[in-house]
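Down below is the structure, laid out as structure tokens.
Predicted, not measured: the structure shown is a model, and the values here were computed from it.
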Amino acid sequence: MTIRTLLTALLLSGGLVAQTAPVADFHRHPPQTWALTHASLHIDPETTIEDGLLVIRDGKIAYAGKKTNLPADATEIDLTGRHIYPGFIDLYFPVQHKDSPSASHLRHWNEQVHAEDLAVDDWSPEAAAVQHRREAGFGAGLAVPQEGIFAGTGGVVLLDEAGTVLRPDLAQVVQFRYGGWSSKQYPNSLLGCIALIRQTLYDADWYRRAWQIYEKYPDRNPVPETNPALDRLATARENNRPFLFPTGDELAALRAIKIAREFHLRLWLRGSGYEYRRLKEIAAAAPLVIAPVNYPAPPDVSDPYRALQYSTEQLKHWDQAPDNLQRMHAAGLLFSITPEGTDSPKTFHQNLVRSVERGLAPAEALAALTTIPARALGLENQLGRLRPGALANLTITDGDYFQRQTKVETVWIGGKRYRIEEPVPVTLAGRWRLTADAWTGTLSFSG
């Protein structure tokens, strides 16, 4: 081996780094400008450019279009045969709440109401769910709180290592949660849960009007009490922020629709996969549905006695669940797609492809992963399309994403590359012959 070969191997393995002062680890100075060449660019769901060029500069897209001269400062990556999509967006990324005891004196009288909590304060970019979403092609998401009835406020985050927050306060999350009859905490029934939701929304309206009257006539009225939860809910309604209701079935969706109509809420539903059962009623309310693709596994009917354990309802849902997306589209429902509920990135991809094979157009599926959620978040200028000025959030695959054999190879988030399919590792083990001018020597690596 020549010294040039050895130096190349060292560079590829990350083993040769220039530095001017002692450090605890290797310095990494990746280029700030990248040119991704010869790929199929899916600019948006309707526009594809073959043999295209995408230039990334300082974390944003500088150019996306036909091949042209490369910028002089760009590092080229040849992506022949690859497909570049806008980074996918997940509108339902669960985050566990960490309570703050210091704020307990300002809490709502019911512990299930803490609308003032921000999910972005609790999320961790190291969570396993972040890596799973990257592996499925997602680069951004709506962090959604999980505990309580008024669980808190969801915010928009990048799924990068830095935990970048794009918008901390976006959607109010409202859940149909309650304890059993033995529970000492109210509510302990669905009826009580709905009553608490309605009463809290009425209280938020009263709270805002009480403060407006006091601010207008401070000398005639006592100072109203302070309640951060009611204040946050009132602000969300005034600004027409989304109210997101997670649903476990189509009946829960209908309950959420009734509440949204009563209080004129901008309604988002975390879908159940059963929307096809009550499409007419749900479509009439025109919510945004965040649709899962956690389809049931094929029933094991190899044994006749085991086959009898499956109900007709279970068998029917197994057959019709993959059709839910295209039936919602046919009914005029706006929806995005979430990987939440699937056990792996591979399952998510295979289930989504299954829906495409059952009639959902690839363009509609891509819109549900990119442009629709970007527009819903109010971030269509930063996410959802490959266009200059947008964040360099990319999903790069080794083929058409909506084919079963395709794999996600790389995800770029804010201009930083995350490899999903790792390149072939370089090994230095063995004896190397070094030659430089008239000098010749040997170098041995044991590992």
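- Checked against the 6.0 Å centroid criterion, the rings of Y207 and Y202 do not qualify as a close aromatic pair.
- In this structure a side-chain-to-backbone donor-acceptor pair under 3.5 Å is missing from Y178 to G192.
- In this structure a side-chain-to-backbone donor-acceptor pair under 3.5 Å is missing from D398 to T406.
- Looking at heavy atoms from C-beta onward, I89 lies out of side-chain contact with L379 at the 4.5 angstrom threshold.
- When atom types are taken as modelled, the side chain of H114 and the backbone of E116 share no donor-acceptor pair closer than 3.5 angstrom.
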**Prompt:** Taking it one step at a time, do L394 and V411 satisfy side chain to side chain contact (heavy atoms under 4.5 Å, CB included)?
**Reply:** CA-CA 6 Å; L394 316 172; V411 172; over 6 Å; no
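- Between the NE2 atom in H42 and the OG1 atom in T397 there is a gap of 6.5 Å [rounded to 0.5 Å].
- R270 forms a cation-pi arrangement with Y92, by the criterion of a distance under 6.0 Å to the ring centre and an angle within 45° of the ring axis.
- One finds a salt bridge joining E281 and R278 here, because a Lys/Arg side-chain nitrogen approaches an Asp/Glu carboxylate oxygen to under 4.0 Å.
- No side-chain heavy atom of I149 sits less than 4.5 Å from a side-chain heavy atom of Q175.
- Taking 4.0 Å as the cut-off between side-chain N and carboxylate O, E135 and K346 do not count as a salt-bridged pair.
- A salt bridge is absent between R385 and E380; no separation between the charged side-chain nitrogens and carboxylate oxygens falls under 4.0 Å.
- In terms of heavy atoms, P187 sits closest to C193 at CB-N, 3.5 Å.
- Heavy-atom contacts from other residues, nucleotides or ligands closer than 6.0 Å to CG of L308 number more than 12.
- The structure places NE2 of H83 at 10.5 Å from CG of L41, a figure rounded to the nearest 0.5 Å.
- You'll find the ring centres of Y401 and H349 inside the 6.0 Å limit.
- Looking at heavy atoms from C-beta onward, R387 lies in side-chain contact with N381 at the 4.5 angstrom threshold.
- Residues R133 and D90 are paired through a salt bridge, judged by an N-O separation under 4.0 Å between the basic side chain and the carboxylate.
- Scored by the side chain to side chain contact (heavy atoms under 4.5 Å, CB included) test, L267 finds F245, A256, I257, A260, L269, P287 as partners (sequence neighbours excluded).
- Within 6.0 Å of CD on E111 lie no more than 12 heavy atoms contributed by other residues, nucleotides or ligands.
- Note on ring orientation: taking the six-membered ring where Trp is involved, the planes of Y274 and H317 are parallel (angle under 30°, cut-offs 30° and 60°).
- Contact between D300 and Y310 at its shortest, heavy atoms only, is N-OH, 3.1 Å.
- Aromatic pair F348/F138: ring centres closer than 6.0 Å.
- Atoms OG1 and CG, on T48 and D44 in that order, are 8.0 Å from each other to the nearest 0.5 Å.
- Taking all atoms of both residues into account, the shortest heavy-atom contact from A204 to A234 is O-CB, 3.7 Å.
- Ion pairing of R277 with D249 is absent here, as no side-chain N (NZ or NE/NH1/NH2) approaches a carboxylate O to less than 4.0 Å.
- Taken from OG1 in T75 to CD1 in I56, the straight-line distance is 11.0 Å, to the nearest 0.5 Å.
- Side chain of Q314 to main chain of S311: a donor-acceptor pair is present (N/O by atom type, distance under 3.5 Å, no hydrogens or angles).
- Note that OG1 of T37 is 7.0 Å distant from CG of L53, once rounded to the nearest 0.5 Å.
- No donor-acceptor pair closer than 3.5 Å links the side chain of Q172 to the backbone N or O of F150.
- Considering every non-hydrogen atom in both A368 and P373, the closest pair reads O-CD, 3.5 Å.
- More than 12 heavy atoms of other residues, nucleotides or ligands shown are found within 6.0 angstrom of CD on Q405.
- Using a 4.0 Å cut-off between a side-chain N of Lys or Arg and a carboxylate O of Asp or Glu, E409 and R419 do not qualify as a salt bridge.
- In this structure, T235 contributes its side chain and D231 its backbone to a donor-acceptor pair below 3.5 Å.
- Cation-pi geometry between R241 and W268 is not met: the NZ or CZ atom fails to fall both under 6.0 Å from the ring centre and inside 45° of the normal.
- With T347 contributing its side chain and D343 its backbone, the two residues share no donor-acceptor pair below 3.5 Å.
- Under the 4.5 Å side-chain criterion, counting only non-hydrogen atoms from C-beta, V293 is not in contact with N324.
- P298 is listed as a side-chain neighbour of W318, based on a closest heavy-atom distance under 4.5 Å.
- Distance alone, capped at 3.5 Å, is enough to place a donor-acceptor pair between the W211 side chain and the E225 backbone.
- Of the possible polar contacts, one joining the N221 side chain to the Y217 backbone as a donor-acceptor pair under 3.5 Å is found.
- The side-chain heavy atoms of P45 and T371, taken from C-beta on, include a pair separated by under 4.5 Å.
- Looking only at distances, a side-chain donor or acceptor of R134 sits under 3.5 Å from a matching main-chain atom of L159.
- Counting only heavy atoms from C-beta outward, the side chains of R237 and L265 approach each other to under 4.5 Å.
- Here NE2 of H329 is found 3.5 Å from CD of E364. Values are rounded to the nearest 0.5 Å.
- Put simply, the side chain of I84 does not reach to within 4.5 Å of the side chain of T395, judged on heavy atoms.
- A donor-acceptor contact closer than 3.5 angstrom is absent between the side chains of N227 and R107.
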